[in-house]
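Report on one structure; see the data block that follows.
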Amino acid sequence: MHRVRGYKREKMRENELSLELLARLKSAQRVVALTGAGISAESGLPTFRGNGGLWKKYKAEDLASIEGFLQKPDVVWEWYEYRRSIYAQAKPNAGHLALAEFEKIFPGFTLITQNTDGLHRMAGNENILELHGSLRRNRCHSCGKLYPEKVEQNGKIPPRCACGGMLRPDVVWFGEPLSPFVLDKALEVSSRAEVFFSIGTSALVQPAATLPLLARRKGAALVEINIEETPLTSQADFFLRGTSSEWLGKIKERIV
Ligand code: NAD
Ligand code: ZN
């Protein structure tokens with residue numbers, strides 16, 4: 001048993017939630033959840049590091065970058081069309097649905113996600129900060145105008161904006177900055193959180209990975225849910241080993 005700042009760290013017990021965590025949740029108003037690709041794994045969407053990240057002969061890192069897009073815009077567009085065709089079949093799972101309930105239970109609940117799949121919105125969450133943008137939108141590379149996911153191609157790959165610029169998915173690529181508005185808001189809610197959940201994220205991608213640490217430094221209880229330990233685990237007040245649907249479902253049942 002490892003104690004951190006007076007909280008007893010959940011010691012990988014499979015079927016028991018600590019009373020300290022439940023008490024903390026029952027009195028909490030400002031609760032934040034940060035989610036990563038792991039929460040969508042049970043909806044059939046591969047995690048970033050889980051599927052080898054390969055499509056045809058390209059590495060995901062080379063496709064999800066502005067350099068890759070400028071070199072081979074048609075290949076990058078087709079890769080995203082392929083991903084969208086997989087995402088179009090996906091439905092929110094019990095983990096997403098529990099977080100939609102959290103938004104009703106806690107007066108000040110914010111969901112911060114690194115996912116671009118749109119499943120949290122489909123599950124019913126409204127107060128969402130999409131740190132890495134959304135695959136459900138496109139954006140003009142030249143003028144920034146936003147477009148829906150499905151656009152007229154008019155024989156051009158990628159399709160073109162009214163200004164003539166190339167369209168790209170409205171996601172944040174490697175090496176690109178996050179939206180300052182979204183990031184500022186995420187920093188603000190994290191620093192004011194009473195309980196902060198880090199769920200299904202490898203906690204390696206910056207600046208998302210700093211949010212749980214900021215929250216904890218400012219006094220939040222830090223709860224991590226993951227099927228395996230991450231670089232964050234040693235900092236967590238409560239580590240719940242297992243799937244997000246399993247643990248979030250259990251927590252929801254105990255706090256309603
Ligand atoms: P990651 O792939 O680096 O890490 C996924 C984490 O989820 C791992 O720590 C893994 O142990 C954990 N995990 C796997 N299945 C789980 C489950 N059922 N329950 C709980 N945890 C589980 O993902 P990341 O940290 O989000 O970073 C990768 C980047 O790529 C992010 O920007 C991410 O959003 C993006 N991405 C998004 C999607 C999506 O939108 N669905 C899919 C792949 C990658
Ligand atoms: Zn344009």
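Both counts, for ligands and for their atoms, begin at 1 and track the order of listing. The shown structure was predicted, so the numbers you read here are calculated from the model rather than taken from an experiment.
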Counting from 1, what ligand 1 atoms have a heavy atom of [X] closer than 4.0 Å?
X    : value
N115 : 34 (O), 37 (C), 39 (C), 40 (O)
A41  : 15 (N)
V205 : 27 (O)
E228 : 11 (O)

Quick one: look at [X] and ligand 1, take heavy-atom pairs under 4.0 Å, and tell me if it's side chain, backbone, both or neither.
X    : result
H132 : side chain
S40  : side chain
P46  : backbone

- Go through W173 and R168 one step at a time and tell me if the side-chain contact (heavy atoms from CB on, under 4.5 Å) criterion holds. CA-CA 11 Å; W173 280 334; R168 52 166 285 181; 3.5 Å; yes
Could an N or O of ligand 1 be found under 3.5 Å from any N or O of [X], whether backbone or side chain?
X    : answer
A37  : yes
T116 : yes
T230 : no

- Query: If we ignore angles and hydrogens, is there a donor and acceptor under 3.5 Å between the side chains of T113 and T35?
  - Reply: yes
- Message: Assess, by modelled atom type and distance only, whether the side chains of T230 and E224 contain a donor and an acceptor separated by less than 3.5 Å.
- Response: yes
Ion pair [X]/[Y], N-O distance below 4.0 Å:
X    : Y    : result
R84  : E81  : yes
R137 : E130 : yes
E20  : R24  : no

- Under 2.8 Å from the Zn ion (ligand 2), how many protein N/O/S atoms can be counted? 4
- Message: With a 4.5 Å cut-off on side-chain heavy atoms, are L167 and Y147 touching?
- Response: yes
- Query: Does any non-hydrogen side-chain atom of L131 lie less than 4.5 Å from one of L211?
  - Reply: yes
- Relative to atom 18 (N) of ligand 1, which among E42, E246, H120, R83 owns the nearest non-hydrogen atom? E42
- Y87 near ligand 1, heavy-atom distance under 4.0 Å? yes
